[in-house]
Amino acid sequence: MTFAADSTTLDLLFREAHTAHAFTDEPVTDEQVQTIYDLIKIAPTAFNQSPLRITVVRTPEARQRLVQHMAEGNQDKTVVAPLAVILSADAEFHEELPRLFPAFPAAKDAFFSERLVREQSAVLNAAMQAAYFILGIRALGLAAGPMNGIDHAGIQKEFLDEDHIPLMVVNIGKPAANGYFPRSPRLDYAEVSTTV
């Protein structure tokens, strides 16, 4: 099978990329984070909703506040990573739908008037955007260390509000020479697919 993308691009985004656990001390700039977002903001979502929110944890004081809500195995690498971001889902995303989905502005009230429906939709669609965000990090030549070993409620209370649901913390930077663990196995296509 021939891909439309060249082999170098496929390696960068998929085949050779995996979660980084250690980084160099080269800084990650606000411009780089914005460039990543500008690349991935067109990720597919239902009704073109854009529930992903990015909290850039840049100062040492904020980093220490974040680390106290991380699983023990994720703390040290988050302290030393060039940058950490909190990716969350905005449960009030529907307020932007009249602008973001002009084909059917009434979707805001027709489909998302109930809070539980909004929360479920926000988490699903922000998770898709988060996956694209990780690909955007890789496309910029950086490495991502996404982590779900976090105290979600603690991070929400410390950094967000009740309308923002934390999904993950992502460390970002140039990978160190020893920045990756050996790749773990994955399931084969036959193990995950069913044809009906």
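All residue numbers refer to positions in the sequence shown, counting from 1.
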Say whether, by atom type as modelled, one donor and one acceptor occur between the side chain of Asn125 and the main chain of Ala46 under 3.5 angstrom. yes
With a 4.5 Å heavy-atom cut-off, do Ile150 and His152 have their side chains touching? yes
Between Phe93 and Phe112, how do the two ring planes meet: parallel, tilted or perpendicular, split at 30° and 60°? perpendicular
Checking ring pair (Phe, Tyr, Trp, His ring centres under 6.0 Å) for the pair Phe181/His21: CA distance, chi angles, key distance, verdict? CA-CA 8 Å; Phe181 296 140; His21 298 281; 4.0 Å; yes
Can you check side chain to side chain donor-acceptor pair (under 3.5 Å) on Thr35 and Asp38, steps first, answer last? CA-CA 5 Å; Thr35 298; Asp38 287 341; 5.8 Å; no
Could you tabulate the donor-acceptor pairs under 3.5 Å formed by side-chain atoms of residues 186-196, not counting sequence neighbours?
unit_1 : atom_1 : unit_2 : atom_2 : d
Arg186 : NH1    : Ser184 : O      : 3.0
Glu191 : OE1    : Asp188 : N      : 2.7
Ser193 : OG     : Tyr189 : O      : 2.9

Mind running side chain to side chain donor-acceptor pair (under 3.5 Å) on Ser121 and Gln49 for me, showing each step along the way? CA-CA 9 Å; Ser121 187; Gln49 62 182 270; 2.9 Å; yes
For Arg138 and Phe14, indicate whether the former's side chain and the latter's backbone hold a donor-acceptor pair under 3.5 Å. no
Tell me whether the rings of Phe111 and Phe104 are parallel (<30°), tilted (30 to 60°) or perpendicular (>60°). perpendicular
Treating Gln75 as the side-chain partner and Met70 as the backbone partner, does any N or O pair qualify as donor plus acceptor under 3.5 Å? yes
Below 4.5 Å, heavy atoms only, C-beta onward: do Lys41 and Gln129 meet side chain to side chain? no
Under the side chain to side chain contact (heavy atoms under 4.5 Å, CB included) rule, what do Thr9 and Leu13 come out as? Steps first, then yes or no, please. CA-CA 6 Å; Thr9 301; Leu13 297 180; 3.9 Å; yes
Run the numbers on His164 and Arg53 for side chain to side chain donor-acceptor pair (under 3.5 Å), then give the verdict. CA-CA 8 Å; His164 293 81; Arg53 299 296 178 263; 4.5 Å; no
Before you tell me yes or no, could you show the steps for Arg118 and Ser113 under side chain to side chain donor-acceptor pair (under 3.5 Å), namely the whole-Å CA-CA distance, both residues' side-chain angles and the distance that decides it to 0.1 Å? CA-CA 8 Å; Arg118 286 198 311 272; Ser113 60; over 6 Å; no
Going by the rule salt bridge (Lys or Arg N to Asp or Glu O under 4.0 Å), which residues pair with Glu16 if we only count those two or more places apart in sequence or in a different chain? none
Do any N or O atoms from the side chain of Asn171 and from the backbone of Pro82 form a donor-acceptor pair under 3.5 angstrom? no
Minimum side-chain heavy-atom gap Phe133-Ile137 below 4.5 Å: yes
For a 4.5 angstrom cut-off between non-hydrogen side-chain atoms, does Ile155 reach Pro166? yes
Whether Arg183 side chain and Ala17 backbone form a donor-acceptor pair below 3.5 Å: yes
